[in-house]
Amino acid sequence: MNESLHKCDRFSGQINVPGDKSISHRALMFAGIAQGTSTIRGLATGRDVASTASCLKALGVEITKSAPDTVRVRGAGEQGLTRPAAVLDAGNSGTTIRLLSGILAGQPFRSTITGDRYLCRRPMSRIIEPLQQMGAKISSADNGLPPLEIEGGALHGITYRLPVASAQVKSCVLLAGLFASGRTTVVEKVPSRDHTERMLPLLGVVVEKEGLSVSVEGGARLSATDIDVPGDPSSAAFFAAAAAIVPGGRVRIDNLCLNPTRSAFFETLARMGARIEKTNERIQAGEPVADLIVSQGELSACTVDGAILPSLIDEVPVLAVLATQANGVTAIRDAAELRVKETDRIRALSESLSRMGARVREFPDGLEIEGPTKLQAATIETFDDHRIAMAFSVAALVASGETVIENAACADISFPDFYLTLRQLAGLS
Ligand code: S3P
């Protein structure tokens, strides 16, 4: 399915976005290994989180849906997961395969986990190495690619210094640490998203944080709890960006997770010149949450590099689109991780932005984009990457002509109603 979009002359309204994807994966997994029944509300409705749910079901966790975004999870307990009858399928989801591998490494059975053709090209040696150090037996396809065959068993705690800033790797090691003997510590160079550290204590697990290191003790017991997942800032970013560049744009996004390890995109947007108001600030499920109003402004270029990258890594595609409308040269550097996301996002952005007439330079670790440019419509190859599809849908709203987003349904990975919501706000039929 392709989606055709064109320039709009307004962008306004109030929306809620689906529940945060990172928090939803963790809520399902942690509830799945807890004692008792947890209710999770506001669960992300996309295909990635459905992949986590179906893997957990295959491991013996009972999950029942009572509304499109509400589930009851009857946890198997720390010792209760059962050997899956078939290969576990993580679909397109890096978080599913990497976090679940940490849990699987500590189970007394053998399992195999794989994913779609895109996931099967993403590096897993970053989790295989620390899990092997903990005593796990894992084999993979060539070069550490999925499928992963995991012979779970007795693990011992380690101290692991993360070579790449990755919350997926950090969480994988900490989850394995729950099943290991002794203490497991992960030390980061720069902070990555900290949802695991925030959520585990809600289920009764002691998590010790000191500067950039985080530790758990093995043999922890998890108790069921109810979790209200706040809205996903990475999904909200597309609408905030559209409001910032469409003349007169203004959007209100309610109930948004604004955890500081996730909110750097909005801070950058404000720095570039969009007007942002935050109201109704509160704590929900251990996470800072607020309502956000974003209005259009005269945008100037910005530089994003160094330690800020992990806290806006998923927003780089839409940030690159914004940069085409900002005055000056926007530099996005130290972002080589983008090459191993759902697709090589640096390449995908550089090719498609150029096709729309943007002035772009590609680097091994990022992009420079000179704006402002009057974009022209183009046919956009998405490589089935949800964030590429959604970012170029935003670009289409300010481009002359009809932009065609190929295989647009990949937005379902994180946001099943994305095009409907975008069209409503933009007044497009
Ligand atoms: C995620 C962490 C990030 C992010 C991904 C979700 C998570 O990946 O890009 O979309 O839920 O932990 P890395 O940890 O590999 O950087």
Side-chain angles (χ1 to χ4, degrees), residues 21 23-41 43-45 47-67 69-115 119 127 131 134-139 146-155 168 171-180 196 199-200 202-205 216 218-227 229:
K21 192 155 78 70
I23 297 176
S24 296
H25 284 297
R26 288 161 173 81
L28 284 174
M29 287 186 206
F30 301 175
I33 54 169
Q35 308 272 350
T37 299
S38 306
T39 299
I40 306 169
R41 296 191 184 78
L43 190 75
T45 44
R47 274 191 275 146
D48 265 8
V49 170
S51 294
T52 288
S54 73
C55 289
L56 289 169
K57 284 185 191 168
L59 289 161
V61 177
E62 262 179 54
I63 303 179
T64 44
K65 215 181 223 187
S66 54
D69 66 351
T70 306
V71 293
R72 277 165 66 85
V73 181
R74 205 163 112 195
E78 308 78 31
Q79 318 270 313
L81 295 180
T82 50
R83 185 182 173 169
V87 171
L88 298 168
D89 184 3
N92 191 245
S93 174
T95 308
T96 306
I97 194 167
R98 295 199 176 113
L99 269 61
L100 213 48
S101 293
I103 294 176
L104 293 172
Q107 306 307 311
F109 52 74
R110 178 198 295 258
S111 53
T112 303
I113 185 161
T114 191
L119 192 64
I127 58 162
L131 291 175
M134 296 177 83
K137 295 190 192 75
I138 304 184
S139 55
L148 303 180
E149 204 177 298
I150 302 174
E151 179 75 60
L155 303 179
Q168 292 179 349
S171 302
C172 167
V173 175
L174 291 173
L175 286 171
L178 298 179
F179 298 94
T196 296
M199 192 184 293
L200 282 175
L202 304 181
L203 291 99
V205 177
V216 294
R221 277 184 72 102
L222 285 77
S223 319
T225 191
D226 293 346
I227 294 173
V229 181

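By convention here, the first residue in the shown sequence is residue 1. Every heavy atom of this structure was used, including side-chain atoms; hydrogens, water molecules and symmetry mates were not.
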S.K.: Do Leu100 and Leu56 have side chains that get closer than 4.5 Å, going by heavy atoms?
M.R.: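 A side-chain contact exists here, since the closest heavy-atom pair is under 4.5 Å.
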S.K.: Checking side chain to side chain contact (heavy atoms under 4.5 Å, CB included) against Phe30, which of Leu175, Ile40, Leu202 comes through?
M.R.: Leu175
S.K.: With a 4.5 Å heavy-atom cut-off, do Val71 and Leu28 have their side chains touching?
M.R.: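 Yes; the side chains approach each other to less than 4.5 Å.
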S.K.: Quick one: list whatever passes side chain to side chain contact (heavy atoms under 4.5 Å, CB included) with Ala44, sequence neighbours left out.
M.R.: Ser24, Val49
S.K.: If every non-hydrogen atom of Lys21 is compared with every non-hydrogen atom of Asp48, which pair is closest and at what distance?
M.R.: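 Heavy atoms of Lys21 and Asp48 come nearest at NZ-OD2, 3.0 Å.
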S.K.: Could you give all pairs that pass the side-chain hydrogen bond (donor to acceptor under 3.5 Å, both in side chains) test and reach residues 85-98, with sequence neighbours left out?
M.R.: Thr52-Thr96, Asn92-Asp116, Ser93-Thr96, Thr95-Gln168, Arg98-Gln168
S.K.: Measure across Ser101 and Ile113 and return the closest heavy-atom pair with its distance rounded to 0.1 Å.
M.R.: OG-CG2, 4.0 Å
S.K.: Once side chain to side chain contact (heavy atoms under 4.5 Å, CB included) is applied, do any residues pair with Pro147, and if so which ones, sequence neighbours excluded?
M.R.: Thr112, Thr114, Ala141
S.K.: For residues 76-88, which side-chain N or O atoms pair as donor and acceptor with protein atoms under 3.5 Å away, sequence neighbours left out?
M.R.:
| residue | atom | partner | partner atom | Å |
| --- | --- | --- | --- | --- |
| Glu78 | OE1 | Gln35 | NE2 | 3.1 |
| Glu78 | OE2 | Leu222 | N | 2.8 |
| Thr82 | OG1 | Leu59 | O | 3.3 |

S.K.: What residues form a side chain to side chain contact (heavy atoms under 4.5 Å, CB included) with Ala224, not counting sequence neighbours?
M.R.: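 Side chain to side chain contact (heavy atoms under 4.5 Å, CB included) check on Ala224 returns Ser38.
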S.K.: How would you list, by chain and number, every residue that makes a side chain to side chain donor-acceptor pair (under 3.5 Å) with Ser171, sequence neighbours excluded?
M.R.: Arg26, Thr196
S.K.: Can you sort out the partners of Arg74 under salt bridge (charged side-chain N to carboxylate O under 4.0 Å, His left out), two or more places apart, ordered by chain and number?
M.R.: Glu62
S.K.: Testing the basics here: between Ala136 and Leu155, what is the closest heavy-atom pair and its distance to 0.1 Å?
M.R.: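 Heavy atoms of Ala136 and Leu155 come nearest at N-CD2, 3.6 Å.
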S.K.: Can you see which heavy atom on Ala90 is nearest to which on Leu119, and at what distance?
M.R.: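 Closest heavy-atom pair between Ala90 and Leu119: CB-CD2, 3.8 Å.
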S.K.: Taking all heavy atoms of Gly102 and all of Leu131, pick out the closest pair and write down the distance.
M.R.: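 Nearest pair, atom of Gly102 first, then Leu131: CA-CD2, 4.1 Å.
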S.K.: Got a sec, which residues hit salt bridge (charged side-chain N to carboxylate O under 4.0 Å, His left out) with Arg110, two or more places apart in sequence or on another chain?
M.R.: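 Once residues adjacent in sequence are excluded, the partners of Arg110 under the salt bridge (charged side-chain N to carboxylate O under 4.0 Å, His left out) criterion are Glu149, Glu151.
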S.K.: If I compare all heavy atoms of Ile63 with all of Ala53, which pair ends up nearest, and what's the gap?
M.R.: CD1-O, 3.8 Å
